[in-house]
2 protein chains.
Amino acid sequence: MTQANSAPAKRNTPQKAAVKHALGEATGFVSAQQLHQTLKKHGSTIGLATVYRTLADLAQAGEADSLQSKDAEVLYRACTTSHHHHLICRKCGLTLEIEAQNLEKWADQVATEHGFSQPSHNIDIFGVCAGCR
Amino acid sequence: MTQANSAPAKRNTPQKAAVKHALGEATGFVSAQQLHQTLKKHGSTIGLATVYRTLADLAQAGEADSLQSKDAEVLYRACTTSHHHHLICRKCGLTLEIEAQNLEKWADQVATEHGFSQPSHNIDIFGVCAGCR
DNA sequence: CTCTTATTGACAAAGATTCTCAATAAGACA
DNA sequence: TGTCTTATTGAGAATCTTTGTCAATAAGAG
Ligand SMILES: [Zn+2]
Ligand SMILES: [Zn+2]
Ligand SMILES: [Zn+2]
Ligand SMILES: [Zn+2]
């Protein structure tokens, strides 16, 4: 008698911990490739596929935020689990988390006003930080 | 005596017109690949690279807006040249243009408040339209 | 009509991400 | 602690989007 269909049990591995840690060290958004390079530079022998898999899991679990960069690659960042948005430096990648209650309300309102349900949104602000000028 | 360095003169070609027209026909955001398929289905022998090139030009000229889809591909849409944002149906892709002066102000304010210059932003709202429910 | 050269299309090439699969090791249990 | 099941890993292949290359074509000026 096998269990009907429950999610496979997750396991804790040094690789996952390493990715999580490296992501935490980053000051802003980084790509899977960058993270892989960094990890290898620090002596890790982790595989690229594993970095991709782990990042995808973290994003799914809400422990990381992701966004698409200009050159078609996905960038990740360790984040608080509460809903928020980002202010990102175009030059150095420095990232600040920002919140705006009004904004959340506005977005949902716009959606429902036009007959759209299950509203969600993507809001990111870019600029050049003080240090980069 | 050759001209110092002016932009090469643009030429009007049936291919560009076709892409522009096909983009106008679409009800929402479409990818270069989709557009290429559509064009071929209508008998055109246009090359994929040309579709990419034309879309990039349109986006540059402000005649089309672009956004990154979930699966790492760029989507385009024919748009008005004035600054605006989008409300997009997750199912059928139906897209509405929306404006919000307050929002523009808010975004720039947040940036300057934190010492960021040359502010810009990405704001998109998603949902499921009435027709898809 | 002629000539210059921007543009095109077929194909190669680059990058990012995912898939495949045999080998490894986490975690449960005796 | 030792054994066993199977989630996870890493290396490379495969896939997919996008860009680059280049000879052939054709837009537009004269
Ligand atoms: Zn900066
Ligand atoms: Zn929000
Ligand atoms: Zn819809
Ligand atoms: Zn705006």
Side-chain angles (χ1 to χ4, degrees), chain A residues 1-23 29-61 64 66-77 93, chain B residues 1-23 29-61 63-64 66-77:
Chain A
M1 173 187 86
T2 56
Q3 292 202 322
N5 55 352
S6 54
K10 294 284 180 187
R11 291 178 184 174
N12 295 320
T13 67
Q15 287 88 344
K16 285 180 186 172
V19 171
K20 217 163 164 175
H21 180 259
L23 192 62
F29 282 83
V30 289
S31 69
Q33 308 268 357
Q34 285 171 33
L35 225 45
H36 183 228
Q37 287 305 315
T38 302
L39 287 165
K40 288 211 305 185
K41 206 163 292 173
H42 283 288
S44 171
T45 62
I46 191 171
L48 178 59
T50 300
V51 177
Y52 271 102
R53 284 186 287 237
T54 304
L55 287 175
D57 286 351
L58 288 175
Q60 183 103 50
S66 64
L67 77 80
Q68 309 272 348
S69 80
K70 292 298 175 192
D71 34 276
E73 62 186 350
V74 183
L75 304 183
Y76 293 90
R77 177 168 187 277
Chain B
M1 174 186 88
T2 55
Q3 291 202 323
N5 54 352
S6 55
K10 296 282 180 188
R11 290 178 184 176
N12 295 321
T13 67
Q15 287 89 344
K16 285 180 186 172
V19 171
K20 217 162 164 176
H21 179 259
L23 192 63
F29 282 83
V30 290
S31 69
Q33 308 267 356
Q34 283 171 34
L35 225 45
H36 184 228
Q37 287 306 314
T38 302
L39 287 165
K40 288 209 306 185
K41 206 165 293 173
H42 283 287
S44 172
T45 62
I46 192 170
L48 178 58
T50 299
V51 176
Y52 272 102
R53 286 186 287 237
T54 305
L55 286 175
D57 285 351
L58 288 175
Q60 183 102 50
E63 295 184 59
S66 65
L67 77 81
Q68 308 272 348
S69 80
K70 293 296 174 192
D71 33 277
E73 62 184 352
V74 183
L75 305 183
Y76 292 90
R77 177 170 187 276

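Each chain gets a letter, A, B and so on, in the order the sequences are listed, and its residues count up from 1.
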Novice: Rounding to an integer number of Å, can you tell me how far A/Tyr76 OH sits from C/dA16 P?
Specialist: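 Value for this atom pair: 14 Å.
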Novice: Which listed nucleotide (D/dT18, C/dG9, C/dT17) is nearest to the side chain of B/Thr50?
Specialist: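 The answer is C/dG9, which lies nearest to the side chain.
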Novice: Restricting to side-chain hydrogen bond (donor to acceptor under 3.5 Å, both in side chains), what partner residues turn up for A/Gln33, sequence neighbours left out?
Specialist: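 So A/Gln33 forms a side-chain hydrogen bond (donor to acceptor under 3.5 Å, both in side chains) with A/Tyr52.
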Novice: Among all residues two or more places apart in sequence or in another chain, which pass the ring pair (Phe, Tyr, Trp, His ring centres under 6.0 Å) test with A/Phe29?
Specialist: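 For A/Phe29, the residues satisfying ring pair (Phe, Tyr, Trp, His ring centres under 6.0 Å) (neighbours in sequence not counted) are A/His86.
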Novice: Using a 4.0 Å heavy-atom cut-off, write out nucleotides 19-30 of chain D from 5' to 3' as B (base contacted by protein), S (sugar-phosphate only) or - (no contact).
Specialist: BBB----BBS--
Novice: Output all residues satisfying side-chain contact (heavy atoms from CB on, under 4.5 Å) with A/Ala22, sequence neighbours left out; order by chain, then residue number.
Specialist: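 Here the qualifying residues are A/Leu35, A/Leu39.
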Novice: Would you kindly give the NZ-to-C1' distance between A/Lys70 and C/dA16, to the nearest whole Å?
Specialist: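 Taking atom C1' of C/dA16 as the reference, NZ of A/Lys70 is at 18 Å.
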Novice: State which residues pass side-chain hydrogen bond (donor to acceptor under 3.5 Å, both in side chains) with B/Gln68; sequence neighbours excluded, sorted by chain then number.
Specialist: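 Here no residue qualifies.
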Novice: Whole angstroms only, please: what is the CG-P distance between A/Asp71 and C/dG15?
Specialist: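 After rounding, the reported distance stands at 11 Å.
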Novice: Residues from residues 29-43 of chain B sitting under 4.0 Å of DNA chain C, heavy atoms only?
Specialist: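 Residues of residues 29-43 of chain B under 4.0 Å from DNA chain C: none.
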Novice: Which atom pairs, one a donor and one an acceptor, fall under 3.5 Å between side chains of residues 41-51 of chain A and the rest of the protein, sequence neighbours left out?
Specialist:
from	atom 1	to	atom 2	distance (Å)
A/Ser44	OG	A/Ile46	N	3.0
A/Thr50	OG1	A/Arg53	NH2	3.3

Novice: Going by the rule side-chain contact (heavy atoms from CB on, under 4.5 Å), which residues pair with A/Asn12 if we only count those two or more places apart in sequence or in a different chain?
Specialist: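 Scan of A/Asn12 (side-chain contact (heavy atoms from CB on, under 4.5 Å), adjacent residues dropped) gives none.
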Novice: Between the two end axes of the helix from C/dC1-D/dG30 to C/dA30-D/dT1, each built from 5 base pairs, what angle do you get to the nearest 10°?
Specialist: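 End axes: 40° apart.
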Novice: List the residues meeting side-chain hydrogen bond (donor to acceptor under 3.5 Å, both in side chains) with B/Lys16, not counting sequence neighbours, and say none if there are none.
Specialist: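 Applying side-chain hydrogen bond (donor to acceptor under 3.5 Å, both in side chains) to B/Lys16 gives none.
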Novice: List in chain and number order the residues that pass side-chain hydrogen bond (donor to acceptor under 3.5 Å, both in side chains) with A/Lys40, two or more places apart in sequence or in another chain; answer none if no residue qualifies.
Specialist: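 Per chain and number, A/Lys40 pairs via side-chain hydrogen bond (donor to acceptor under 3.5 Å, both in side chains) with no residue.
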Novice: Of the options C/dT7, D/dA7, C/dG9, whose atoms approach the side-chain atoms of A/Pro8 most closely?
Specialist: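 Nearest listed nucleotide: D/dA7.
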